[in-house]
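Only one structure is covered here, and it is reproduced in the block below.
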Protein chains: 2
Amino acid sequence: MDRLSNTADDILAAAQRFIVAGGYNGFSYADIAEVVGIRKASIHHHFPSKVDLVQTLVRRYLEDAVAGMTELERNAPGPPELLRTYTGFWAQCIEDASRPICVCALLASELPALPPEVAVEVRAYFQFLSGWLTRVFERGAEQGTLTVAAAPRVEAEAFMATVHGAMISARAYGDVLTFGMILAPMLQKLVPEAIPGKG
Amino acid sequence: MDRLSNTADDILAAAQRFIVAGGYNGFSYADIAEVVGIRKASIHHHFPSKVDLVQTLVRRYLEDAVAGMTELERNAPGPPELLRTYTGFWAQCIEDASRPICVCALLASELPALPPEVAVEVRAYFQFLSGWLTRVFERGAEQGTLTVAAAPRVEAEAFMATVHGAMISARAYGDVLTFGMILAPMLQKLVPEAIPGKG
DNA sequence: CTGTATCTACCTACTAGTAGGTAGATTACA
DNA sequence: TGTAATCTACCTACTAGTAGGTAGATACAG
């Protein structure tokens, strides 16, 4: 057995599943207790309050995103590959239903109702992702590997918005292919040398 | 006094404000009772259950959208004007904080946790809006007044997704100008004859 | 007198969170 | 090595407060 019990991780995983299903107010400690197989009070042992739990979850979600993007850039792929891998990751998450929507996109939509401690973590996620995408678009513009009409920051924000909106549409239609249907043409427009029907 | 009391409308208006703030589970009858200035039980007279209330709200929201789009097309404006008016409407709603996010975009994000009666209304809204935008892009493609690379349906879905995602980003950043920053360049790309810096 | 709209007063179920305790593993130290 | 102290992880049982919802009385208009 590990030095640290994995119950805390089980609780976080369950909380994430509940949050992506129905947001911050869409689940209770009782719900988590049931799926993890412990009592409500035991959750409080690991996470004193619901705010602590969700704050930890979102903070770790951002850490994972940072680590994921760093890993993604290990072999120095070009901007088109980076964007394709990013959207491909989400297409996979939606198709296999493992994470049918981004935790932070969902929480951002109900931001005014979130405890401030959680809201600040959600904002941090958006700032990181926006910054990362902006750097990708900057490089793409320098190299000429991306078709960037507006400022890189603006292109990055529009790209992120489309990805998040596509997640919501996929959910609304209950069709896991909607996400890819929206994102594929968008990527094609951004990559000048893309040859339709090739690859 | 009107034939119908306006208390029901007051309740619906309050519910809408609460829903755009925090979603379906982000408010209670007690919250509504307080802002409307009646007792909790009186809400049940107008809307027997919370499901009835939100179902009525979303159904009416769709009716208003249908009426709004019909009105928008009264003077037979071209596709570019239609898209500009649509996004301009939302830019205004966000800037004056009257409706900082689309009710159905928010509810769609938490769709799996919604009562089925509400979920079906939300899906209907997406289908209507998607259909309307598809017709706009079809006409734009025929007339050559819009730059449509992919199929009109796909362009419409991408456009809608970007609008919804931009609402979420605006909320995440707490910056009412984010929405316009994202949408303005997207409109410019879609309208071939657009001259930057003019108008 | 009827129907609409509202009220007070209440219900049951559930919310997050607390109090206090137990079993077992780990550590400190004589 | 034995044992006492401490820690981790969980438990039962409880709290105050809130959720959506109901029953029945009252006010009042046509």
Side-chain angles (χ1 to χ4, degrees), chain A residues 1-19 21-58 60 107 110 112-119 121, chain B residues 1-59 106-107 110 112-119 121:
Chain A
M1 200 203 272
D2 296 311
R3 191 143 62 102
L4 290 175
S5 129
N6 59 352
T7 301
D9 290 334
D10 292 347
I11 292 167
L12 287 169
Q16 177 162 322
R17 284 197 299 277
F18 280 117
I19 287 177
Y24 185 86
N25 292 305
F27 73 102
S28 71
Y29 268 37
D31 294 325
I32 292 180
E34 196 184 343
V35 304
V36 174
I38 55 174
R39 300 291 153 152
K40 228 166 40 104
S42 306
I43 304 173
H44 286 285
H45 169 71
H46 297 278
F47 304 99
S49 75
K50 194 177 181 180
V51 170
D52 291 310
L53 168 57
V54 180
Q55 188 180 22
T56 303
L57 171 62
V58 179
R60 203 164 289 190
L107 290 178
E110 55 190 21
L114 293 182
E117 299 92 330
V118 175
E121 304 292 340
Chain B
M1 199 201 267
D2 297 311
R3 190 143 62 100
L4 291 173
S5 130
N6 59 354
T7 302
D9 289 335
D10 291 347
I11 292 167
L12 287 169
Q16 177 161 323
R17 284 197 300 277
F18 280 118
I19 286 177
V20 298
Y24 186 85
N25 291 305
F27 73 102
S28 71
Y29 269 37
D31 295 324
I32 292 180
E34 195 185 343
V35 305
V36 174
I38 55 174
R39 300 290 153 157
K40 230 165 37 112
S42 306
I43 304 174
H44 286 285
H45 169 71
H46 297 279
F47 304 99
S49 75
K50 193 178 181 180
V51 170
D52 291 311
L53 168 57
V54 180
Q55 188 179 23
T56 303
L57 171 62
V58 180
R59 193 171 285 168
L106 200 163
L107 290 178
E110 54 189 22
L114 293 183
E117 299 93 330
V118 175
E121 303 293 339

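Letters A, B, ... mirror the listed sequences (proteins, then strands); counts begin at 1.
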Polar atoms only, N or O, under 3.5 Å: list the protein pairs with nucleotides 24-26 of chain C and their distances.
none

>> If the cut-off is 4.0 Å, is B/His45 near the phosphate of C/dA5, judged by side-chain N/O to OP1 or OP2?
In response: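 Yes, because at least one side-chain N or O of B/His45 sits under 4.0 Å from OP1 or OP2 of C/dA5.
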> Side chains of B/Ser28 and B/Asp31: is there a donor and an acceptor less than 3.5 Å apart?
Replying inline: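 Short answer, yes.
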> Do B/Thr7 and B/Asp10 meet the criterion of a side-chain donor-acceptor pair at a distance under 3.5 Å?
Replying inline: no
>> Please find the pair of heavy atoms, one from B/Ile32 and one from B/Ala15, that lie closest to each other, and give the distance.
In response: CD1-CB, 3.9 Å
> Nearest heavy-atom pair of B/Asn25 and B/Lys50: which atoms, and what distance?
Replying inline: CA-NZ, 4.3 Å
>> Using a 3.5 Å distance criterion without hydrogens, assess whether the side chain of A/Tyr29 forms a donor-acceptor pair with backbone atoms of A/Ser49.
In response: yes
> Counting distance only, does the side-chain N/O of B/Glu110 pair as donor-acceptor with the main-chain N or O of B/Tyr24 below 3.5 Å?
Replying inline: yes
> For B/Ile38 and B/Ile11, what are the C-alpha separation, side-chain angles and deciding distance, and is it a side chain to side chain contact (heavy atoms under 4.5 Å, CB included)?
Replying inline: CA-CA 10 Å; B/Ile38 55 174; B/Ile11 292 167; 4.0 Å; yes
>> Parallel, tilted or perpendicular: which one describes the rings of A/Phe27 and A/Phe18, with boundaries at 30° and 60°?
In response: parallel
> How would nucleotides 8-21 of chain C be written as a contact map, 5' to 3', with B for base contact, S for sugar-phosphate-only contact and - for no contact, using protein heavy atoms under 4.0 Å?
Replying inline: BB-----SBBB---
